[in-house]
There are 2 protein chains.
Amino acid sequence: MAQNDTVTRILDAAEVLFAEQGFAETSLRTITAKAGVNLAAVNYHFGSKKALIQAVFARFLGPFYKLIEVSLDNHEKQYPDSVLSIEDILKFVARAMANVTEGDRNRLAIFMRLLGLAYNQGQGHLRKFLQTEYKTLYRRVMALIARATPELQPVERYWRFHFMLGAAAFTLSSMEHLRAIVEHDFNTKCTEEEVVGYLLPFLAAGIRAK
Amino acid sequence: MAQNDTVTRILDAAEVLFAEQGFAETSLRTITAKAGVNLAAVNYHFGSKKALIQAVFARFLGPFYKLIEVSLDNHEKQYPDSVLSIEDILKFVARAMANVTEGDRNRLAIFMRLLGLAYNQGQGHLRKFLQTEYKTLYRRVMALIARATPELQPVERYWRFHFMLGAAAFTLSSMEHLRAIVEHDFNTKCTEEEVVGYLLPFLAAGIRAK
DNA sequence: GTATGTTTGAAACAGATGTTTGAATTATTA
DNA sequence: TAATAATTCAAACATCTGTTTCAAACATAC
């Protein structure tokens, strides 16, 4: 009980702090202070800071993976041979993402930031962790997109997929900052759902360009 | 002579290392070792690490700023009252970017990675630096985009602008890695120009969605 | 209740970090 | 050339980093 509680509190604190400050900028002392646990607890329960970062990621990755797999399986059972549109595919992904991150507004941002870092940090440990863990899901989604955009050349489709990923990862990971600017410049507040509502049509139109 | 040389060598080394590893992950000792200068030189010439980071940025943004200003001025003189299309605006930006980073293939990626890092790393002193220092250029480009997309609501235009920025920053900053995958999966090599050639139509279609 | 294994706690560890210092070197100028 | 200013350099600075240690507290099973 106490063990599980300590682990959860560390993950919760680390999640928020990583999203606010980044990984290297967040020290274990800051995390354990926020979590209200002893400094040594991180190394005792996770082994290292690196392993903690992966554990924070895994807590998103696992449920997200299962959720989207199940929902795609269900849809294919219910409507076999149906060809999903780009909008449908994006909705599947967005819904799984929303379900995984629901409850805490910041969880979508850190998920996206982790995603971006895994892609960008050249020799980082996160990308390999992600690639091995995500490979089958990536291929499945890519196959769906290919069916939805048969007119595209494979190479251009590949790039457009990553343009989509980039637009999503970049904006959602720094959503707090961007929303603050919106509030200052336009005197309007944007909910997370509204931003996603803006995002999906942009992505769909982009991948269908020309 | 020696002064200027030292300053340049520090900036060159820092530029590459920041892009490879991030800001917090790159130590002054690594930078000065790569630059072949003494450790104290950074604090002597720049004052602090924070100031060095801003100086690295300024070296890109300064020329970029001037180049795009001049080319827009020229165009407006030559074709007064003309309304630029989104494609035209993107071409202006892309050409200025290409000119600023020309000579070194990696500088575009470095520039984009720095931009991405600036947006979602650290406590945001870089974001503020960017916002205050290049506010007029941002406003000018935004005004051009507004004229090209009169049907858009200001808030949605703002978000779509950052979707574009994200798609560009994310993909161009990890271009080496993404290109390697293309080569492996499709047996095709992509030049930098080809990727930009894929990118611009995607962005233009995205911001004009629906 | 005693013994066993698990978890916490305060303290220390070894190393890296940005920064400062003051003397030595180099460049500039009169 | 002599005086002055600018720059380099090795060393030390104080602080922060992730990690380890080992005794104390706790839980669990016999």
Side-chain angles (χ1 to χ4, degrees), chain A residues 1-59 110 114 117 121-126 128-129, chain B residues 1-59 114 117-118 121-126 128-129:
Chain A
M1 287 303 135
Q3 162 203 2
N4 203 333
D5 188 49
T6 299
V7 168
T8 306
R9 292 171 67 155
I10 291 175
L11 286 172
D12 288 342
E15 191 177 287
V16 172
L17 290 169
F18 284 155
E20 281 175 9
Q21 312 178 341
F23 301 115
E25 293 90 342
T26 305
S27 71
L28 293 185
R29 282 169 179 80
T30 313
I31 294 170
T32 51
K34 187 185 180 76
V37 302
N38 190 269
L39 168 63
V42 168
N43 287 281
Y44 177 76
H45 286 288
F46 297 93
S48 68
K49 185 184 182 181
K50 206 182 267 189
L52 170 62
I53 295 175
Q54 292 186 352
V56 169
F57 204 2
R59 201 159 64 141
I110 189 182
L114 283 159
L117 284 177
Q121 210 97 27
Q123 73 285 24
H125 61 286
L126 267 176
K128 272 184 183 157
F129 176 74
Chain B
M1 287 293 145
Q3 163 203 3
N4 203 333
D5 189 48
T6 300
V7 168
T8 305
R9 293 171 68 154
I10 291 175
L11 286 171
D12 288 342
E15 184 178 294
V16 174
L17 290 169
F18 283 155
E20 280 176 8
Q21 311 177 344
F23 299 118
E25 294 89 342
T26 305
S27 71
L28 293 183
R29 283 168 179 81
T30 312
I31 293 170
T32 51
K34 186 184 179 81
V37 304
N38 189 269
L39 168 62
V42 169
N43 287 282
Y44 177 78
H45 287 288
F46 297 93
S48 67
K49 184 182 181 181
K50 206 181 267 189
L52 170 63
I53 295 174
Q54 293 186 351
V56 169
F57 251 98
R59 201 163 61 144
L114 287 170
L117 287 175
Q121 222 186 65
Q123 286 91 322
H125 78 276
L126 267 179
K128 281 198 177 136
F129 173 75

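Here is how names work: the chains are called A, B, and so on, in the same order as the sequence lines, proteins then strands, and each is numbered from 1.
Among dT19(D), dG18(C), dG9(C), the nucleotide with an atom closest to any side-chain atom of Lys49(A) is dT19(D). With distances taken from any side-chain atom of Arg29(A) to the nucleotides dA12(C), dT21(D), dT7(C), the minimum falls on dA12(C). Taking the side chain of Ser48(B) as heavy atoms from C-beta on, and the options dT19(C), dG9(C), dA12(C), the nearest nucleotide is dT19(C).
Checking Tyr44(A) against Asn38(B), the closest nucleotide of DNA chain D that is more toward the 5' end is the one next to Asn38(B).
Gln21(B) has its CD atom 10 Å from the P atom of dT17(C), to the nearest Å. As rounded to whole Å, 21 Å separates atom P of dT15(D) from atom CG of Leu28(A).
Side-chain N/O atoms of Thr6(A) include one lying less than 4.0 angstrom from OP1 or OP2 on dT8(C). Of the side-chain N and O atoms in His45(A), one or more sit less than 4.0 angstrom from OP1 or OP2 of dT8(C). OP1 or OP2 of dT19(C) has at least one side-chain nitrogen or oxygen of Asn43(B) nearer than 4.0 Å. In this model, the phosphate group of dC16(D) is not approached by any side-chain N or O of Ser27(A) to a distance below 4.0 Å at OP1 or OP2.
No contact: Ala41(B) has no heavy atom under 4.0 Å from any strand. Contacts of Thr30(A) with the nucleic acid, taken as non-hydrogen atoms under 4.0 Å apart, are absent. As judged by a 4.0 angstrom heavy-atom cut-off over every strand, Thr32(A) is placed among residues making no nucleic acid contact.
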